[in-house]
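Here is the structure we will look at.
Because only heavy atoms are used, hydrogens play no part in the values below, and waters and symmetry mates are left out as well, while side chains stay in. For ligands, and for the atoms within them, numbers begin at 1 and follow the listed sequence.
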Amino acid sequence: MEKKIVHAPPTTTLEELFREAHSAKHRAYCPYSKFRVGAALLTTSGKIYSGCNVENASYPLSTCAERTAIVKAVSEGEANFQAIAITSDVDAGYCGPCGACRQTIAEFGLDIDVYLLNPQNECKMFKFRELLPFAFTPRDLQKTRATHDIID
Ligand SMILES: O=c1ccn([C@H]2C[C@H](O)[C@@H](CO)O2)c(=O)[nH]1
Ligand SMILES: [Zn+2]
């Protein structure tokens, strides 16, 4: 799944999305891991919601940057997304979303573009479905209910 590194994002919106992801990283609350992550989510209506990781002394309660951004957007009534940019403190590298975040993104569509950014603002682009093949989605629940109704 190695991708070509793109140095300059092709559109102003993407430039803005990338900028928002980097600045969200600086707001990370991560006193335990000291690993900062920033995410920026682009809605199909063109709005950007950013998020950072927010940790907790009870470690498992920590929330990733990607899920922070998604929860912010959905709670503001925006649930249609075209892209997400993610950046972290991985030196010269790219940090992919964790499994929990992949599942959370899958809830809102498999066609989202995922831009992984390194601290130098270079990016690797993936289609979300590449990152979570054979995803479990709301459609699976509909299928299950239908089968269940037929059996009962
Ligand atoms: O894609 C990722 C991976 C990790 N983290 C956070 C969770 C935790 O706060 C810290 C270290 O795992 O990084 C994210 O926010 N997004
Ligand atoms: Zn995560």
Closest contact, heavy atoms only, Ser62 versus Glu55: OG-CA, 3.2 Å
Over all atoms of both residues, closest heavy-atom pair of His22 and Asn121: NE2-OD1, 2.9 Å
Angle subtended at the Zn ion (ligand 2) by Cys101 SG and Cys64 SG, rounded to 10 degrees: 110°
Nearest-0.5 Å distance that lies between atom SG in Cys95 and atom CD in Glu66: 6.5 Å
Spacing of Ile86 atom CD1 and Leu41 atom CG [to the nearest 0.5 Å]: 9.5 Å
Every residue of the protein that comes under 4.0 Å of ligand 1, judged on heavy atoms: Ser33, Phe35, Val37, Asn53, Glu55, Cys64, Ala65, Glu66, Cys95, Gly96, Pro97, Cys98
Exam field: side chain Gln82 to backbone Thr43, donor-acceptor pair closer than 3.5 Å: yes
Salt bridge Lys34-Asp89, side-chain N to carboxylate O under 4.0 Å: no
